[in-house]
Amino acid sequence: MKNVQWLLVIIAAIFEVVWATGLKYADSIGAWVLTIVAIIISFGLLIIASTRLPTSTVYAVFVGLGTVGTVLVDIFYFGAGVNVGLILFIALLVTGVIGLKFATKEKKEVGRG
C-alpha cells in the first residue's frame, strides 16, 4: 500500500510540473483551465498521499521532483540554457530527495476494528 502512496506523490509532482509551466506560459482560457485542473489534481493527490506517509517527507519529495521536472521542461521544451552548475545542483536535489525518502521511517499501520 505504501508503494501506491509514493506513486501518487510522483503523479502529483508530474501535475505540479504542468501547473507550474502553465502559470508561466498559459495564454488562453483553455490553457488557464488546464492549469487550474492540474493544480487541483496535484494537491488532491498530495493530500491523499500525506494521510498515509510522513507529511514532511512527502512534501519534500513532491517539491523536489516538481522542481526537477519544471527545470527539465524549461530546458527541453522551451530551450532554457544549461550549465554545469545547473546540472550539479539538479543532481544534488535528486540525491537529496532519494536520500530523504529512504532515511525517513514510516509509521506502521494499525489495524482498524
Side-chain angles (χ1 to χ4, degrees):
M1 186 64 150
K2 298 287 185 194
N3 289 336
V4 171
Q5 300 303 320
W6 283 114
L7 180 61
L8 292 179
V9 174
I10 292 168
I11 295 169
I14 292 168
F15 277 96
E16 181 187 20
V17 172
V18 172
W19 70 254
T21 304
L23 288 177
K24 182 172 182 178
Y25 296 106
D27 59 356
S28 67
I29 296 295
W32 279 108
V33 168
L34 289 176
T35 300
I36 292 167
V37 168
I39 291 170
I40 293 167
I41 292 170
S42 177
F43 283 105
L45 293 174
L46 183 67
I47 290 167
I48 293 168
S50 294
T51 62
R52 305 260 183 192
L53 298 170
T55 304
S56 58
T57 305
V58 166
Y59 188 68
V61 170
F62 167 77
V63 170
L65 293 176
T67 301
V68 170
T70 303
V71 169
L72 292 177
V73 166
D74 270 349
I75 291 169
F76 291 111
Y77 191 73
F78 296 108
V82 180
N83 59 53
V84 174
L86 180 71
I87 300 299
L88 174 70
F89 288 115
I90 289 294
L92 185 62
L93 183 60
V94 170
T95 302
V97 166
I98 293 169
L100 185 60
K101 192 238 180 259
F102 286 114
T104 302
K105 294 184 180 186
E106 297 175 7
K107 295 185 282 187
K108 298 198 185 254
E109 284 190 39
V110 177
R112 296 181 183 172

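Put simply, V94 and I11 are part of two different groups of oily side chains (I, L, V, M, F, W, Y) that touch within less than 4.5 Å, one to the next. Transitive grouping of hydrophobic side chains (ILVMFWY, heavy atoms separated by less than 4.5 Å) keeps L8 and I98 in distinct clusters. Cluster membership check: L7 shares its hydrophobic cluster with F15, using side-chain heavy-atom separations under 4.5 Å among Ile, Leu, Val, Met, Phe, Trp and Tyr. Under the 4.5 Å side-chain contact rule for hydrophobic residues, I36 and V33 do not share a cluster. Linking Ile, Leu, Val, Met, Phe, Trp and Tyr whenever their side-chain heavy atoms come within less than 4.5 Å leaves V63 and L45 in two separate clusters.
By the side-chain contact (heavy atoms from CB on, under 4.5 Å) test, V18 pairs with A38, sequence neighbours left out. In terms of the side-chain contact (heavy atoms from CB on, under 4.5 Å) criterion, residue partners of L72 (sequence neighbours excluded) are, by chain and number, V68, F76. For S50, there are no side chain to side chain donor-acceptor pair (under 3.5 Å) partners, not counting sequence neighbours. Residues passing the side-chain contact (heavy atoms from CB on, under 4.5 Å) test with A91: none are found, sequence neighbours excluded.
When all heavy atoms of V97 and G64 are compared, the pair lying nearest together is CG2-CA, 3.8 Å. G66 and V17 get closest at one heavy-atom pair: O-CG2, 3.6 Å. The two atoms that bring I48 and T51 nearest to each other are O-OG1, 2.6 Å, heavy atoms only. Contact record, T35 with G22: OG1-CA, 3.3 Å, taken as the closest heavy-atom pair. Residues L53 and Q5 share a closest heavy-atom pair of CD1-CB, 3.4 Å.
Sorted by first and then second residue, the side-chain hydrogen bond (donor to acceptor under 3.5 Å, both in side chains) pairs involving residues 55-67 (not counting sequence neighbours) are T57-T104. Sequence neighbours left out, the pairs with a member in residues 20-42 that pass ring pair (Phe, Tyr, Trp, His ring centres under 6.0 Å) are Y25-F78.
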**Q.** Steps toward side-chain contact (heavy atoms from CB on, under 4.5 Å) verdict (N83, L86)
**A.** CA-CA 5 Å; N83 59 53; L86 180 71; 3.5 Å; yes
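Rounded to the nearest 0.5 angstrom, I14 CD1 and I10 CD1 are separated by 7.5 Å. A distance of 8.5 Å separates CG in L46 from CD in E16, rounded to the nearest 0.5 Å.
The neighbour count for L88 CG, taken as heavy atoms of other residues, nucleotides or ligands under 6.0 Å away, is above 12.
By the 4.5 Å heavy-atom criterion applied to side chains, I41 and W19 are not counted as neighbours.
The main-chain N or O of A12 is found under 3.5 Å from a side-chain atom of S42 such that the two form a donor-acceptor pair.
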